[in-house]
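Chain A is the first sequence line, chain B the second, and so forth, proteins listed ahead of strands; every chain is numbered from 1.
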2 protein chains.
Amino acid sequence: MRLKKYTDYALRVLIYAGASDHKVSIKEISDTFYISAEHIRKVVHQLSVNEYIETTRGRNGGIRLARDADTINIGAVVRLMENDFYLVECFDSEHNQCVITPVCKLRTALSEAIRAFFEVLNQYTLADLIENKDELQALMGIERE
Amino acid sequence: MRLKKYTDYALRVLIYAGASDHKVSIKEISDTFYISAEHIRKVVHQLSVNEYIETTRGRNGGIRLARDADTINIGAVVRLMENDFYLVECFDSEHNQCVITPVCKLRTALSEAIRAFFEVLNQYTLADLIENKDELQALMGIERE
DNA sequence: ATTAAACATGTATAAAAAATACATGTTTAA
DNA sequence: TTAAACATGTATTTTTTATACATGTTTAAT
């Protein structure tokens, strides 16, 4: 069980943008994390469509958070980037064929488990993740203002 | 984010075997769930190697639980069947290249989340899942003793 | 002994998902 | 006008997962 790399990348982009005091470029992020700019670009686009970040085109362009870090919920970002959370067949009611579904207690257990998973993530905002801004800036090579 | 079908199948095999009063065959299970016997066979093998079920070869052979249902922990079964739970790159220390790992609070958040996930599953045993044996037997077409 | 039912096991193929790369376009400030 | 920077659609490759095939071994019934 893994999250997609794009989910990982999206969170890194938010952390980078959030920990920076000024606008940042895709290239900067891709250089920092040794990830192709192509991938970052895609992720940035999705985050921008969903109004997590604001992009500015053209020379001196770049990206910045579109909202305050403390209003960006980490559980929500994970839900946005992943396709689904169909742990087992019966979670996908459209394709489910499992005969015991109506009385299955496994289904209940797994639902509870995934709920607990998000209950934790929902308690975090981006602000919590960049609380140690200075340390992050140092490791990401971001210049202080 | 999904579990593998084999994880799903493994749990169904345990539920089927646990809810049955006698030995059951792979064919029975595969017919009940409309899953190819090949897949069930693989899953059965893995469960048998890990001493969750006992197999008997030959005519009149079949499978049964190797232990009492209340000693089979659901979290443990899920951990057994999945390859890993590397939600993001840094969970796989061998291949991790993310520069902020040492100070990353996302890492902490995701660890907590996956821990919460298993905390729920660890509370369940197979006995809990087959508590409603009669209903299960009816839906799975298992004959009462 | 023979046979048929049942599990064992290794390998190969196919399908799906994810990751990655390519190409071209648009915007904007210098 | 140009170069930096984001936009966007498409194509390819890789990885993972799912599925299928082939053959072997065991065992009880006949």
G-U wobble or Watson-Crick pairing nucleotide for D:dT30 (cut-off 3.5 Å, both distances): C:dA1
query: Taking a pair as Watson-Crick or G-U wobble with both distances under 3.5 Å, which nucleotide is matched to C:dA14?
result: D:dT17
field: B:His95 NE2 - D:dT15 P separation (whole Å)
entry: 11 Å
query: Is the charged tip of A:Arg79 near the ring of A:Phe118: under 6.0 Å from the six-membered ring centre and within 45° of its axis?
result: yes
A:Glu82 CD to C:dA19 P, straight-line distance once rounded to whole Å: 9 Å
query: Is there a chain of hydrophobic side chains (I, L, V, M, F, W, Y, each step under 4.5 Å between heavy atoms) that links A:Ile15 to B:Val103?
result: yes
task: Report yes if at least one side-chain N or O of A:Thr55 is closer than 4.0 Å to OP1 or OP2 of D:dA7; otherwise report no.
output: yes
- prompt: Roughly how many Å is it from NZ in B:Lys42 to C1' in D:dT17, rounded to a whole number?
  reply: 12 Å
task: May I have the distance from A:Met81 (atom CE) to C:dA18 (atom C1'), rounded to whole angstrom?
output: 12 Å
message: Output the rounded distance in Å from CD (A:Glu89) to P (D:dA18).
response: 11 Å
message: Let's go through A:Phe33 and A:Tyr9 carefully: what are the C-alpha distance in whole Å and the side-chain angles of both, what is the deciding distance for ring pair (Phe, Tyr, Trp, His ring centres under 6.0 Å) to 0.1 Å, and is it a yes or a no?
response: CA-CA 9 Å; A:Phe33 291 112; A:Tyr9 296 169; 8.6 Å; no
task: Report which part of the nucleic acid A:Val43 touches: base, sugar-phosphate, or nothing (heavy-atom distance under 4.0 Å, all strands).
output: nothing
message: When you compare the side chain of B:Arg12 with that of A:Cys98, does any pair of heavy atoms fall below 4.5 Å?
response: yes
- request: Would you mind reading off the distance between B:Glu38 atom CD and C:dA14 atom C1', rounded to a whole angstrom?
  value: 15 Å
- prompt: Is the distance from OP1 or OP2 of D:dT19 to the nearest side-chain N or O of B:Tyr9 less than 4.0 Å?
  reply: yes
statement: By nearest-heavy-atom nucleotide on DNA chain D, the more 5' of B:Tyr6 and B:Thr56 is B:Tyr6
query: How far apart are the closest heavy atoms of A:Val43 and A:Val13, and which atoms are they?
result: CG1-CG2, 4.2 Å
- request: Among the candidates C:dA8, C:dC7, D:dC6, find the nucleotide nearest to the side-chain atoms of B:Ile63.
  value: C:dC7
query: Under 4.0 Å between a side-chain N or O of B:Asn60 and OP1 or OP2 of C:dA6?
result: no
query: Expressed in angstrom and rounded to an integer, what is the separation of A:Lys4 atom NZ from D:dT14 atom C1'?
result: 16 Å
task: Round to a whole Å and report the spacing from CD of A:Gln46 to P of D:dT8.
output: 12 Å
query: Start at the 5' end of DNA chain C and walk down; is the nucleotide closest to A:Arg59 or to A:Lys5 reached first?
result: A:Lys5
message: With a 3.5 Å limit on both atom pairs, tell me what C:dT26 is paired to, counting Watson-Crick and G-U wobble, or say none.
response: D:dA5
field: Any B:Asn83 side-chain nitrogen or oxygen under 4.0 Å from OP1 or OP2 of D:dT17
entry: yes
task: Kindly say if A:His45 contacts the phosphate of D:dT8, meaning a side-chain N or O under 4.0 Å from OP1 or OP2.
output: yes
